Undergrad: 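Pasting a structure below so you can have a look.
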Number of protein chains: 2
Amino acid sequence: MDLFVSKYINKIDKKGRVSLPSSFRNVLPKANRNEIILYKSIKTPSIEGCGVGRLKEIAKRINNLDFFSEDYDDFSTSIFSEIVTTNVDKEGRFLIPEELKSYAGIKTEAAFFGQGYFFQMWEPKQGLKNTEDSRRRLLKEKKSLRMMLTQQK
Amino acid sequence: MDLFVSKYINKIDKKGRVSLPSSFRNVLPKANRNEIILYKSIKTPSIEGCGVGRLKEIAKRINNLDFFSEDYDDFSTSIFSEIVTTNVDKEGRFLIPEELKSYAGIKTEAAFFGQGYFFQMWEPKQGLKNTEDSRRRLLKEKKSLRMMLTQQK
DNA sequence: CATATACCCATTGACGCCCATATATTCCCA
DNA sequence: TGGGAATATATGGGCGTCAATGGGTATATG
């Protein structure tokens, strides 16, 4: 499985370390298993994360913008300066930077939600509520959900 | 990671020295870890910096502008003639030339902002405000920012 | 010679690395 | 197939190393 799926709730220890769920670690390329990138979610009070490979993709894309345009600076600033890289230790744990932790309201536990190509970290209560809310919104449009789920191949 | 990412705020000591963030030092080629180039940002009151290797890339960018345009001369002059090289000492610190420091309004602390292939140095307050402004501009066009961040592969 | 800058050494706190344990999971073999 | 052993995962904690910072002294350069 090379996608981030399922959800987990892990504890944050005294030193601020939290285990990246094992199944998530396995999604990272064997080469760079010891480094991930984190950034504030644009739309929700949560932290998003993924492997560094994704960052290089983003970098390439930004690099293709007109270097002297205002857009270049805006993207570059909003993305690169907001992204933090974090090292995953041999036990699979990492530190969540304070700024991100407070942005997401995370204190003693972090809830990990697989999102396919990336994952989110939430304060557990808020995260679960968000899941319910999304599901509720989707169910309001059953038709489209059914279509999404039953479409083949 | 071979990109300048994240942000840091470091102190400037009595002698005018400031630490280049460790993660930034690691972006510089192992060969030339003791030298960086600095120049005034064209669009903002900040200082931009990078390893000496990137000079060629900047030259290329400028060379791609129309040779007979006014822009060509302006960029060429503004950037090349303003570039200064600075030595990084064994502890990873360097001196910010007075002219650049006053251009950016930097006094006792410098904020380092990763920008991918280069970095910026700001007076902390102004730098943080600039980040917010950038983000605000981009969020007005949610589509583009989301695209930049979530496109897969 | 005077000022600026490089080199050396020191301190503090944060972080990485290592080892340890408890629980859960898988595997293997009788 | 049941039970026990080997393995993996989440978690806890000790300790050495490194990053950021401060300061003394040598050296260079005009």
Side-chain angles (χ1 to χ4, degrees), chain A residues 1 4-28 30-38 49 52 84-102 106-114 119 121-124 127, chain B residues 1 4-28 30 32-38 49 52 84-102 106-114 119 121-122 124 127:
Chain A
M1 174 57 62
F4 297 103
V5 296
S6 189
K7 64 167 182 285
Y8 308 86
I9 296 180
N10 287 345
K11 287 178 185 156
I12 296 176
D13 69 20
K14 291 183 208 165
K15 294 183 176 181
R17 298 174 299 188
V18 63
S19 287
L20 182 65
S22 166
S23 81
F24 285 14
R25 298 203 290 271
N26 292 329
V27 177
L28 305 175
K30 310 106 234 131
N32 291 63
R33 285 253 160 106
N34 57 342
E35 199 175 27
I36 57 175
I37 70 173
L38 302 174
V52 293
V84 298
T85 64
T86 308
N87 289 78
V88 179
D89 71 19
K90 296 204 172 153
E91 282 72 35
R93 295 174 291 192
F94 65 97
L95 295 172
I96 310 174
E98 271 314 317
E99 192 185 339
L100 295 182
K101 230 188 325 192
S102 68
I106 292 174
K107 299 264 165 46
T108 61
E109 289 186 320
F112 291 80
F113 292 88
F119 61 86
M121 299 172 61
W122 289 75
E123 185 286 316
Chain B
M1 178 53 56
F4 297 102
V5 296
S6 190
K7 61 166 182 279
Y8 306 86
I9 297 179
N10 288 346
K11 289 179 183 155
I12 296 176
D13 69 20
K14 292 181 206 166
K15 296 182 177 180
R17 297 174 299 188
V18 63
S19 288
L20 183 65
S22 166
S23 81
F24 285 15
R25 298 203 290 270
N26 291 329
V27 177
L28 306 174
K30 310 106 233 131
N32 290 63
R33 287 256 159 104
N34 57 341
E35 196 177 17
I36 57 175
I37 69 173
L38 301 173
V52 291
V84 295
T85 66
T86 307
N87 288 81
V88 179
D89 72 19
K90 298 205 170 153
E91 281 74 35
R93 294 174 290 194
F94 65 98
L95 295 171
I96 310 173
E98 270 314 318
E99 192 187 340
L100 295 182
K101 225 184 335 188
S102 68
I106 292 174
K107 300 263 164 48
T108 61
E109 289 185 319
F112 292 81
F113 292 86
F119 61 88
M121 298 172 60
W122 288 75

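Hydrogens, waters and symmetry mates are skipped; everything else that's a heavy atom, side chains included, is used. Naming convention: chains lettered A, B, ... in sequence-line order (proteins, then strands); numbering from 1 in each chain. A quick note: this is a predicted structure, and the numbers were derived from the prediction, not measured.
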Undergrad: I need the minimum non-hydrogen distance between B:S23 and B:V5, along with the two atoms involved.
TA: OG-O, 4.3 Å

Undergrad: Give the rounded distance in Å between these two atoms: CG of B:N87 and P of C:dA6.
TA: 5 Å

Undergrad: Look at the aromatic rings of B:W122 and B:F113 and report parallel, tilted or perpendicular, splitting at 30° and 60°.
TA: perpendicular

Undergrad: Rounded to whole Å, how long is the line connecting atom CG of B:D13 with atom P of C:dC9?
TA: 19 Å

Undergrad: With respect to B:R33, which candidate in B:N26, B:V88, B:L20 satisfies the side chain to side chain contact (heavy atoms under 4.5 Å, CB included) definition?
TA: B:N26

Undergrad: Of all the heavy-atom pairs spanning A:K11 and A:E109, show the shortest one and how long it is.
TA: CG-OE2, 4.0 Å

Undergrad: Contact class for A:I9 (heavy atom, under 4.0 Å): base, sugar-phosphate, or nothing?
TA: nothing

Undergrad: Describe the nucleic acid contact of B:S19 in one word from base, sugar-phosphate, nothing, applying a heavy-atom distance below 4.0 Å.
TA: base

Undergrad: Please give, in whole Å, the distance from C:dC15 P to A:F94 CZ?
TA: 14 Å

Undergrad: Specify the closest pair of heavy atoms between B:K101 and B:I96, including all atoms of both residues, with the distance to one decimal.
TA: CE-O, 3.7 Å

Undergrad: Taking the ring of B:F4 and the ring of B:F24, is the distance between their centroids below 6.0 Å?
TA: yes

Undergrad: Between A:L95 and A:K15, what is the shortest heavy-atom contact and its length?
TA: CD2-O, 3.4 Å

Undergrad: Would you tabulate the pairs of protein nitrogen or oxygen atoms and nucleotide nitrogen or oxygen atoms of nucleotides 18-21 of chain C closer than 3.5 angstrom?
TA:
from	atom 1	to	atom 2	distance (Å)
C:dC18	OP2	A:K90	NZ	2.3
C:dC18	N4	A:E91	OE1	3.4
C:dC19	N4	A:E91	OE2	3.3

Undergrad: Which nucleotide span of DNA chain D, 5' end to 3' end, has atoms closer than 4.0 Å to non-hydrogen atoms of chain A?
TA: D:dT9 to D:dC15

Undergrad: Taking the nucleotide of DNA chain D with the nearest heavy atom to each, does A:N26 or B:L20 sit closer to the 5' end?
TA: A:N26

Undergrad: Can you work out whether B:V18 or A:N10 has the more 5'-proximal nearest nucleotide on DNA chain D?
TA: A:N10

Undergrad: Ignoring hydrogens, what is the shortest heavy-atom contact between B:P124 and B:A111? Give both atom names and the distance.
TA: CA-CB, 3.8 Å

